[in-house]
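Worth saying up front: this structure is predicted, and the values here are computed from it rather than measured. Every chain is numbered from 1, with letters handed out A, B, ... down the list of sequences.
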Amino acid sequence: MLDRADLRAFFAADAASVAERLIGWSLFIDGVGGRIVETEAYDSDDPASHSHRGRTPRNGAMFGETAHAYVYRSYGIHWCLNFVCDAHRPGSAVLIRALEPLAGQDRMAERRGTAAPALLCSGPGRLAQALGIDASHNGRDLCAPPFELQPPAGPSQVWRGPRIGISKAVHIPWRFAVMGSPFLSRPARL
DNA sequence: AAAAGGATTAAT
DNA sequence: TTAATCCTTTTA
């Protein structure tokens with residue numbers, strides 16, 4: 001099985017590598033979650049990253065321990081979940097952008113206000129709402145409850161391309177997704 | 001002290 | 001295409 005040392009080793013690598021290899025893993029919070037089908041990488045050398053201008057009260061968790069969560073408020077409305085990575089480059093993290101729902105869909109539907117499978121976890125804000133993520137999860141250990149991470153059952157065909165919703169460093173191809181998945185925040189093309 | 005600007009989403 | 005919405009960070 002998967003122990004804490006395995007997870008720490010997995011998250012020790014650079015953000016793009018972790019973002020790519022995270023595709024196909026499963027994430028559950030209190031038993032609610034699914035397969036990670038879309039991620040994006042960010043690090044402190046990256047002008048699009050919250051960590052680019054150094055540590056602040058908001059992004060502190062990004063500079064904390066690897067294999068912990070960084071949760072931030074987006075547009076004053078949504079929560080977004082990241083996994084802190086790269087022990088050698090503080091300020092690195094992977095944004096979890098979409099899940100293929102596998103467990104607790106009823107709970108997700110309650111929280112989201114819709115039962116349409118493709119609208120439950122397809123986007124970072126939607127995903128956080130479906131899983132009940134909020135500021136209380138910021139800085140928490142991903143190796144401990146309520147988080148649960150499981151390695152992929154089999155290989156995924158991973159697509160790679162430019163990130164979404166940013167205005168700087170738009171050309172860097174640090175968005176990763178399961179090719180052809182109907183659960184992505186936006187189609188994986190270009 | 002004031003203004004800008006979002007790693008988004010749902011509605012128009 | 002635009003509004004919603006809030007609060008962190010930046011600038012004056």
Chemist: Is A:His171 close to A:Pro162 at the side-chain level, that is, under 4.5 Å between some pair of heavy atoms?
Modeler: no

Chemist: Expressed in whole Å, how much space separates the C1' atoms belonging to C:dT10 and B:dT8?
Modeler: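 Pairwise C1' distance, C:dT10 against B:dT8, rounds to 22 Å.
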
Chemist: Please report the distance separating the P of B:dA7 from the corresponding atom of C:dT11, rounded so that it comes out in whole Å.
Modeler: 16 Å

Chemist: For a quick check of understanding: with a heavy-atom distance under 4.0 Å over all strands, which category does A:Arg126 fall into, base, sugar-phosphate or nothing?
Modeler: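 The answer is sugar-phosphate, as A:Arg126 gets under 4.0 Å only of primed atoms, P, OP1 or OP2.
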
Chemist: Can you check the A:Asp134 CG to C:dC7 P distance for me, whole Å?
Modeler: 14 Å

Chemist: When we call it a touch if two heavy atoms are under 4.0 Å apart, what does A:Ile166 touch: a base, just sugar-phosphate, or nothing?
Modeler: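 If one applies the 4.0 Å heavy-atom cut-off, A:Ile166 turns out to touch the sugar-phosphate alone, with no base involved.
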
Chemist: Send over the distance from A:Ile77 CD1 to B:dG6 P, rounded to a whole Å.
Modeler: 15 Å

Chemist: Just the rounded figure in Å: distance from P of B:dG6 to OH of A:Tyr42.
Modeler: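 These atoms are roughly 12 Å apart.
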
Chemist: Could you tell me the separation between the CG atom of A:Asn138 and the P atom of C:dC7, rounded to a whole number of Å?
Modeler: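 About 15 Å, once rounded to whole Å.
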
Chemist: Heavy atoms from C-beta onward define the side chain here; which of C:dT10, B:dA7, C:dC6 lies closest to that of A:Arg73?
Modeler: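 Nearest nucleotide to the side chain: C:dC6.
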
Chemist: Do you know the tightest heavy-atom contact between A:Arg35 and A:Leu102?
Modeler: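 Shortest heavy-atom separation between A:Arg35 and A:Leu102 comes out as N-CD1, 3.7 Å.
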
Chemist: Paired with C:dT5: which nucleotide, if any, by Watson-Crick or G-U wobble criteria at under 3.5 Å for both distances?
Modeler: none

Chemist: Please confirm whether any donor atom in the side chain of A:Tyr72 sits under 3.5 Å from an acceptor in the base of B:dA7, or the reverse.
Modeler: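 Yes, the side chain and the base share a sub-3.5 Å donor-acceptor pair.
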
Chemist: Could you tell me whether A:Arg89 and A:Asp45 have a side-chain N and a carboxylate O separated by less than 4.0 Å?
Modeler: yes

Chemist: Working note: A:His50 + A:Tyr72, criterion ring pair (Phe, Tyr, Trp, His ring centres under 6.0 Å); need CA distance, chi angles, decisive distance, verdict.
Modeler: CA-CA 10 Å; A:His50 291 168; A:Tyr72 68 91; 4.5 Å; yes

Chemist: Does A:His50 make a side-chain N or O approach to OP1 or OP2 of B:dA7 shorter than 4.0 Å?
Modeler: yes

Chemist: Want to settle it: does A:Ser167 or A:Pro124 sit nearer the 5' end of DNA chain B, counting the closest nucleotide to each?
Modeler: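 Its nearest nucleotide lies further toward 5', so the answer is A:Ser167.
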
Chemist: Taking atom C1' of C:dT8 as reference, at what distance in whole Å does atom CH2 of A:Trp79 sit?
Modeler: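 Rounding to the nearest Å, CH2 of A:Trp79 and C1' of C:dT8 are 12 Å apart.
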
Chemist: State whether the aromatic ring of A:Tyr75 stacks on the base of C:dA4, taking stacking to mean ring centres under 5.5 Å apart and ring planes under 30° to each other.
Modeler: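 It does not: the ring fails the test against the base of C:dA4.
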
Chemist: State whether A:Arg163 and A:Glu40 are salt-bridged, where the test is any N-O pair (Lys NZ or Arg NE/NH1/NH2 against Asp/Glu carboxylate O) under 4.0 Å.
Modeler: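 Salt bridge flag = no for A:Glu40 with A:Arg163.
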
Chemist: Show the nearest heavy-atom pair for residues A:Leu22 and A:Phe83, with the distance to one decimal.
Modeler: CD2-CD1, 3.5 Å

Chemist: If you check the A:Thr56 side chain, which of C:dT9, C:dT5, B:dA7 turns out closest?
Modeler: C:dT9

Chemist: Within this structure, what is the CD1-to-P distance between A:Ile133 and B:dT9, rounded to whole angstrom?
Modeler: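 Answer to the nearest Å: 14 Å.
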
Chemist: Would you indicate what A:Arg112 reaches in the nucleic acid, counting non-hydrogen atoms under 4.0 angstrom: base, sugar-phosphate, or nothing?
Modeler: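 Answer is sugar-phosphate: A:Arg112 comes under 4.0 Å of backbone atoms only.
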
Chemist: Applying a 4.0 Å non-hydrogen cut-off, can you work out what A:Ser185 is touching in the nucleic acid: base, sugar-phosphate, or nothing?
Modeler: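 Nothing, no nucleic acid heavy atom in range.
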
Chemist: Which nucleotide in the list B:dT9, C:dT5, C:dT9 gets nearest to the side chain of A:His78?
Modeler: B:dT9

Chemist: Rounded to the Å, how far apart are A:Asn59 CG and C:dT9 P?
Modeler: 6 Å

